[in-house]
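Notes follow the structure.
Keep in mind that the numbers below use all heavy atoms, side chains included, and drop hydrogens, waters and symmetry copies. Labels below follow one simple rule: chain letters A, B, ... track the order of the sequence lines, proteins then strands, and each chain is numbered from 1.
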Amino acid sequence: MAISFKDLGISKELESLLKKNGITEPTPIQEKSIPEILKGRDVVAQAQTGTGKTLAFLLPIMDRIDANKDFIQGLIITPTRELAIQITAEAKKLAAGKEINILAAYGGQDVAQQLRKLKRGIHLVVATPGRLLDHMERQNIELGRLKSLVLDEADEMISMGFIKDLEAIIVKTPKARQTMLFSATIPSEVRKLATRFMRDPLQLEIEGKNVTLDEIEQVVIETTDRKKFDTLCQMLDEHRPYLAIIFCRTKIRAIKLNYDLAVKGYNCDELHGDLSQSKRERVMKSFKSAKIQILVATDIAARGIDVEGVTHVINYDVPEDAESYIHRIGRTGRIGNLGTAVTLVTPKDADTLAVIERKIKSDFKLKNIPKPKVKGENRAEKRDGRKSSKKAGKDQGKRADYNPNYRAERRARRSGDNQSSEAPSKHRPRKSKNDSPKKNPKDYRHTVKKR
DNA sequence: AAAAAAC
């Protein structure tokens, strides 16, 4: 008999709310952490991407909030605005039918609007560090009676760029608070450093060696700087992702790549820190609803972002380090779904990639891609709107050495995963997603912008 | 050296 959320100490109300959303069984990290968090214990929790860390801290926090008391009891700090928005949305779902007030405090947004909400008595704040400090300095936010503090993406929060802000926030909270750290990557130095903020934390680490998930197929394609764009287009035409995130090293490169893809007719848009806040939120919304299928992003989207239907993550530029790689590819293959991560590598990237590879001890499947085909051929076919299977067959033949059996293999992997009694997946695929009518997962083809 | 994060 499987363990239920109620067995872990979660209220019946929350449990039935989860059930309505198709979530019935806790994941391993939820099973281990929730009972301890409910007791008020400090926790450092490392668990792979997409295994339910957010709910692991949100559920006990929501249950521990006393709606009759009019002060901030929970605080969640995240490294990006997008993540703060996402977690706020999750928390609001869990607050349904209760009088719990939640505030998202992040930059680029009207301060007055956030202030108005504050006047109403906030119980839970989800914030990015800068704006939170701003509110604190203006004496808008008072953390003197805080019960629980979460550092989401803890290693990123504790990294150089954030540590000072973080300390400034933490000194304004009670010593007796509960402190929780969550991330898929917690380097041992960070783990050590973090315990400064904590009292006898329960340390949860990833069991075994796999920091990345088996559900994510990892592929490397060799190319050169000159051929990179054509290689990418060829790869997109072959795989036809339903939703894909393409990561670039810099904002400029993301802008340029998005432009080039749009010119070729791909259904894409860009996400990075140089955009206005309203544009950022607009882009995320379009991507979540599959209005755009390709998101060209900087590492702003590397952590925590949970969009259902992301079949592919593409590293157009090799990530800086293993942590970035792990978080980027973790945008796919979430809650038991399959995903594909493709990394384009040029000769000068070889060393960086070797370091990453060694660090995560994962076997990349190296797949060479032949010379790009004649420009425009494949896209022209798609603009016709024709999808003749004959033509597809012909195309596959031409690319014989570039995994022509991609789809068949994918199917095989999927059914294999489900039937294998040897090592059943720890992560249950979600039941039917009748609450999300937006997409048809069978249709993995690009839609091409009319232009 | 890049990215993120306040006005």
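Closest approach of A184(A) and Q48(A) over heavy atoms only: CB-C, 4.1 Å. Across every non-hydrogen atom of V43(A) and M198(A), the tightest pair is O-CE, 3.4 Å.
G161(A) comes within 4.0 angstrom of a base, heavy atoms only.
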Expected list for residues 158-169 of chain A: side-chain donor-acceptor pairs under 3.5 angstrom, two or more places apart:
| from | atom 1 | to | atom 2 | distance (Å) |
| --- | --- | --- | --- | --- |
| S159(A) | OG | E156(A) | O | 2.6 |
| E167(A) | OE2 | R196(A) | NH1 | 3.2 |
| E167(A) | OE2 | R196(A) | NH2 | 3.1 |

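When distances are taken from the side chain of F162(A) to each of dA4(B), dA3(B), dA1(B), the shortest belongs to dA4(B).
Contact annotation: T128(A) reaches the phosphate of dA6(B) (side-chain N/O to OP1 or OP2, under 4.0 Å). Listed pair R81(A) / dA4(B) fails the phosphate criterion, with no side-chain N or O lying under 4.0 Å from OP1 or OP2. At the phosphate of dA4(B), neither OP1 nor OP2 sits under 4.0 Å from any side-chain N or O atom of S159(A). An OP1 or OP2 oxygen of dA5(B) is reached within less than 4.0 angstrom by a side-chain nitrogen or oxygen of R280(A). At least one side-chain nitrogen or oxygen of K251(A) sits closer than 4.0 Å to the OP1 or OP2 atom of dA4(B). Between R303(A) and the phosphate of dA3(B), there is no side-chain N or O to OP1/OP2 separation shorter than 4.0 Å.
In this structure, E82(A) places its CD atom 11 Å from C1' of dA5(B), rounding to the nearest Å. When rounded to the nearest whole Å, the span between CE of M284(A) and P of dA4(B) equals 14 Å. The distance between atom CG of L83(A) and atom P of dA3(B), rounded to the nearest whole Å, is 19 Å. When rounded to the nearest whole Å, the span between CG of L133(A) and P of dA6(B) equals 9 Å. The CZ atom of R253(A) sits 14 Å away from the C1' atom of dA3(B) (whole-angstrom rounding). When the P atom of dA6(B) is taken as reference, atom CD1 of I77(A) falls 11 Å away, rounded to whole Å. In this structure, I300(A) atom CD1 and dA4(B) atom C1' are separated by 7 Å, rounded to whole Å. Put simply, CG on D165(A) is 9 Å from P on dA6(B), counting in whole angstrom units.
Atom CZ of F71(A) and atom CG of L143(A) lie 11.5 Å apart (nearest 0.5 Å).
In terms of the salt bridge (charged side-chain N to carboxylate O under 4.0 Å, His left out) criterion, residue partners of E153(A) (sequence neighbours excluded) are, by chain and number, R303(A).
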